[in-house]
Amino acid sequence: MKIYNTLTGKKEEFVPINDGKVTMYVCGPTVYNYFHIGNARPFIVFDTFRNYLKYKGFEVIYVQNITDVDDKIINKAKEKNTTFEKVAEKYTKAYFDDIEKLKIEKPDKSPKATEEIKEMIELIRVLLEKGYAYIIKDGVYFSVEKFTDYGKLSNKKIDELREGARVEINDQKKNPLDFALWKFAKEGEPYWESPWGKGRPGWHIECSVMSKKYTGADTIDIHAGGIDLTFPHHENEIAQSEAASGKKFVNYWMHNGYVNIKGEKMSKSIGNIILAREVTEKYSAEVIRMFILSAHYRSPLDFTWENIEKIKQAFKDIYYTLQILKQVEKPDVKITIEESSYLKNFIDALDDDFNTPEALAIIFNIIKLVKEQIKKEFTNEIVYSLAIIEKNIIEMCKILKILPEIKKPDEKIIKLMDERNILRKEKKFIEADKIKEEIKKAGYILEDTKTRSFLIHEL
RNA sequence: GGCGGCGUAGCCAAGUGGUAAGGCAGAGGUCUGCAAAACCUUUAUUCAGCGGUUCAAAUCCGCUCGCCGCCUCCA
């Protein structure tokens with residue numbers, strides 16, 4: 001399996017540190033608002049990727065932080081005349097509600113920043129001790145110049161960054177790029193005790209701490225997030241972690257592209273956001289996930305209601321086809337990669353830097369086979385072949401987590417269909433059409449072929 | 001200014017050296033008692049433009065044009 005690694009700018013063969021195990025850290029939400037569909041992209045992409053790793057037989061440890069104290073949360077609390085804890089609590093709950101609606105599996109660990117303060121203080125202490133950090137009037141800062149590898153992830157040089165940097169308000173900092181490890185509390189701000197004074201952690205430090213604590217290792221396999229986190233957030237994480245441990249922090253950095261609105265990045269500051277919950281109100285998790293996976297994860301993805309509607313139409317094809325297959329009496333079969341060239345191609349596509357659009361195309365290629373076969377006489381051979389096809393589609397949809405729930409229609413509805421077919425044979429079409437109407441009211445459409453009829457639950 | 005990405009049919013989107021996947025929409029047709037949200041066929045001699053390398057380029061190189069992102073909070 002190959003993964004594009006931001007650190008090297010190349011696709012690389014994925015080799016986990018420990019055989020059969022993968023440690024994965026995905027940057028999580030800052031809980032000061034409902035998350036939007038742009039935020040949802042990494043959640044969905046990397047949840048699906050985790051699922052794929054599990055399918056491949058890896059044991060995955062998946063950690064995602066919750067930033068529940070920071071300036072934005074504090075400001076929101078002021079604005080709403082409440083406490084930062086209340087704001088964080090509200091949106092943490094909303095985050096879990098929303099990921100559930102999107103059928104995102106809960107992370108194995110969802111550590112909260114406020115519950116890891118002790119470890120963060122310890123890490124800062126080490127950095128101070130090793131001379132990577134210094135204390136000024138408003139906090140403890142990391143000195144980027146002390147860390148020679150600074151910029152290796154985002155391919156930036158300290159000097160060049162300095163030129164582009166804006167006017168720095170804080171003239172006590174040794175370098176404008178130095179970032180806060182610990183911020184001293186101003187009047188009325190929440191604080192925790194520390195050896196250097198009352199305050200709160202800087203943003204980056206939590207990821208360094210949690211990543212190590214919950215994977216149990218200085219070096220993890222995969223660290224993922226939106227491309228906008230590359231600099232400065234991930235760069236700073238590397239600096240902190242590697243300065244402290246002296247070891248490589250992350251082997252593979254994966255970054256997803258933006259969700260755009262009319263070609264422009266969706267972001268809270270621009271204000272062009274569509275909340276994830278606005279989308280889950282209108283579309284099922286499977287359709288939303290398929291929409292997200294319809295573009296390669298590193299490419300930009302334009303969100304429009306028309307585009308997601310197109311995906312819904314395409315998804316219908318999968319849904320309807322699986323329903324038809326469900327209504328065919330078939331033998332129980334097993335499929336293997338060796339026997340199914342479709343499955344093999346599917347896996348090959350995903351093994352190539354998680355190429356989900358290619359993988360989706362393969363699903364549609366198989367669906368075409370169903371359409372060819374379903375019209376034919378149901379010989380043993382055909383039925384067997386349909387069984388194999390169904391298994392393939394289900395397997396693939398499961399891997400991509402776009403498998404819709406397929407129920408056999410109620411006995412009652414099946415009876416109605418049988419009755420209608422008898423009436424049709426007797427050429428009592430008026431009565432037959434009445435039953436058709438009745439079936440439609442129950443939410444099913446009928447599809448008649450030469451030899452049989454199928455009931456299809458409408459999406 | 002520095003760094004990075006992108007430009008493939010009406011739209012969405014794979015493909016990164018061997019002759020353009022897949023989806024949506026459209027057009028024509030078929031099945032059917034009727035019908036379908038069913039099925040079939042069809043839709044890029046061409047991949048932003050111009051040069052170059054090569055037996056061979058959407059794919060590699062150079063230049064031009066256009067769009068976007070990061071360098072400040074951001075998924």
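As the structure is a computational prediction, the values presented were derived from the model and not from experiment. Chain letters run A, B, ... following the sequence lines, proteins first, then strands; residues in each count from 1.
Put simply, CG on A/N421 is 18 Å from P on B/A35, counting in whole angstrom units. The nearest whole Å value for the distance from the CZ atom in A/R298 to the P atom in B/A13 is 15 Å. We find that CG of A/L177 is positioned 17 Å from P of B/C70, with the value rounded to whole Å. Look at CG on A/D302: it is 13 Å from C1' on B/C6, rounded to the nearest Å. Look at CD1 on A/I435: it is 15 Å from C1' on B/G33, rounded to the nearest Å. Rounded to whole angstrom, the span from the CD1 atom of A/I430 across to the P atom of B/G33 amounts to 16 Å. A/I270 places its CD1 atom 12 Å from the C1' atom of B/C73, with the value rounded to the nearest Å. For the pair A/N236 CG and B/U72 C1', the interatomic distance rounds to 13 Å; values are reported in whole Å.
Dashed line: the shortest gap from a side-chain N or O of A/K371 to OP1 or OP2 of B/C39 is under 4.0 Å.
Among the heavy atoms of the strands, none lies under 4.0 Å from A/I374. Using a 4.0 Å heavy-atom cutoff across all strands shown, A/R424 reaches at least one base atom of the nucleic acid. The residue A/K157 sits apart from the nucleic acid: no heavy atom pair falls under 4.0 Å. Nucleic acid contact class of A/Q313 (heavy atoms, under 4.0 Å, all strands): sugar-phosphate only. At a threshold of 4.0 angstrom between heavy atoms, the contacts of A/R452 with the nucleic acid are absent. Across all strands, A/N256 comes closer than 4.0 Å to base atoms (heavy-atom distances). Within the 4.0 angstrom heavy-atom criterion, base atoms lie near A/G257. Within 4.0 Å of A/V259, counting heavy atoms only, lies at least one base atom of the nucleic acid.
Pairing partner, B/U19: none, since no Watson-Crick or wobble contact has both distances short of 3.5 Å. Base pairing of B/U72 is not made with any nucleotide, judged by Watson-Crick or G-U wobble geometry with both donor-acceptor distances under 3.5 Å. Shown here, B/U54 forms no base pair; nothing in the strands shown gives a Watson-Crick or G-U wobble contact with both key distances under 3.5 Å. B/A14 makes up no base pair with any nucleotide shown, lacking Watson-Crick or G-U wobble contacts both under 3.5 Å. The partner of B/C65 is B/G7, judged by Watson-Crick or G-U wobble contacts that both fall below 3.5 Å. Under the Watson-Crick and G-U wobble criteria, each requiring two contacts below 3.5 Å, nucleotide B/U59 is left unpaired. In a base pair of the Watson-Crick type (N1 to N3 plus N6-O4 or O6-N4) or a G-U wobble (N1-O2 and O6-N3), with each distance short of 3.5 Å, B/C31 is matched with no nucleotide.
Among the nucleotides B/C24, B/C31, B/A75, the one closest to any side-chain atom of A/K450 is B/C31. The side chain of A/F231 approaches B/C70 more closely than any other nucleotide in the set B/A25, B/A75, B/C70. Set against B/G33, B/G23, B/A75, the side chain of A/K268 has B/A75 as its closest nucleotide. Distance from the side chain of A/P232 is smallest to B/C73 among B/C73, B/A25, B/A35.
The nearest heavy atom of RNA chain B to A/T30 and to A/K427 marks one nucleotide each, and the one closer to the 5' end goes with A/K427. A residue-by-residue look at A/T321 and A/I37 shows that A/T321 has its nearest nucleotide of RNA chain B further toward the 5' end.
Of the candidates A/K103, A/K401, A/K312, A/K103 is the only one forming a side chain to side chain donor-acceptor pair (under 3.5 Å) with A/E286. Each of A/F231, A/Y141, A/F179 was compared with A/H204 under the ring-ring contact (aromatic ring centres under 6.0 Å, His included) criterion, and only A/F179 meets it.
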What pairs of nitrogen or oxygen atoms, one from the protein and one from nucleotides 65-68 of chain B, lie under 3.5 Å apart?
none

Taking only nitrogen or oxygen atoms into account, show me every contact under 3.5 Å that the protein makes with nucleotides 14-22 of chain B, one pair per line with its distance.
residue, atom, partner, partner atom, Å
B/A14, OP1, A/H296, N, 2.7
B/A14, OP1, A/S299, OG, 3.4
B/A14, O3', A/N355, ND2, 3.1
B/A14, O2', A/E358, OE1, 2.7
B/G15, OP1, A/N355, ND2, 2.9

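For the P atom pair drawn from B/G4 and B/U8, the interatomic distance equals 22 Å after rounding to whole Å. Look at the P atom in both B/U45 and B/C11: the space between them is 14 Å, to the nearest Å. Taking the C1' atoms as reference points, B/U59 lies 13 Å from B/U46, given to the whole Å. Comparing B/G10 with B/U42, their C1' atoms are spaced 15 Å from each other, to the whole Å. Rounded to the nearest Å, the gap between the P atom of B/C12 and that of B/G18 is 27 Å. A gap of 8 Å separates the C1' atoms of B/U43 and B/A27, to the nearest Å. To the nearest whole angstrom, the two P atoms, one in B/G15 and one in B/A48, are 15 Å apart.
Contact of A/K375 with B/C31 (side chain to base): no donor-acceptor pair of N or O atoms is detected under 3.5 Å. Contact of A/D448 with B/C34 (side chain to base): a donor-acceptor pair of N or O atoms is detected under 3.5 Å. Contact of A/K310 with B/C11 (side chain to base): a donor-acceptor pair of N or O atoms is detected under 3.5 Å.
The closest side-chain donor-acceptor pair between A/Y95 and A/Q64 falls under 3.5 angstrom. A donor-acceptor contact closer than 3.5 angstrom links the side chains of A/Y214 and A/E116. Under 3.5 Å, the side chains of A/N65 and A/T67 contain a donor-acceptor pair of N or O atoms. Side-chain contact annotation: A/S241 with A/S208, donor-acceptor N/O pair under 3.5 Å present.
With salt bridges taken as basic N to acidic carboxylate O contacts below 4.0 Å, none links A/D418 and A/K415.
Within 6.0 Å of atom CD in A/E381, 12 or fewer heavy atoms from other residues, nucleotides or ligands are found, so the atom counts as exposed in its surroundings. In the displayed structure, A/K112 atom NZ is contacted under 6.0 Å by at most 12 heavy atoms of other residues, nucleotides or ligands. Within a 6.0 Å sphere centred on NZ of A/K106, other residues, nucleotides and ligands contribute 12 heavy atoms or fewer.
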Exercise. So A/Y32 and A/N75, side chain to side chain donor-acceptor pair (under 3.5 Å) or not? Walk me through it.
Worked result: CA-CA 9 Å; A/Y32 73 108; A/N75 289 339; over 6 Å; no
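Ring geometry for A/Y283 against A/W305 counts as parallel: the plane angle stays under 30°, on a 0 to 90° scale with 60° as the upper cut.
Taking the centre and axis of the six-membered ring of A/F354, the NZ or CZ atom of A/R298 falls outside the cone set by 45° and 6.0 Å.
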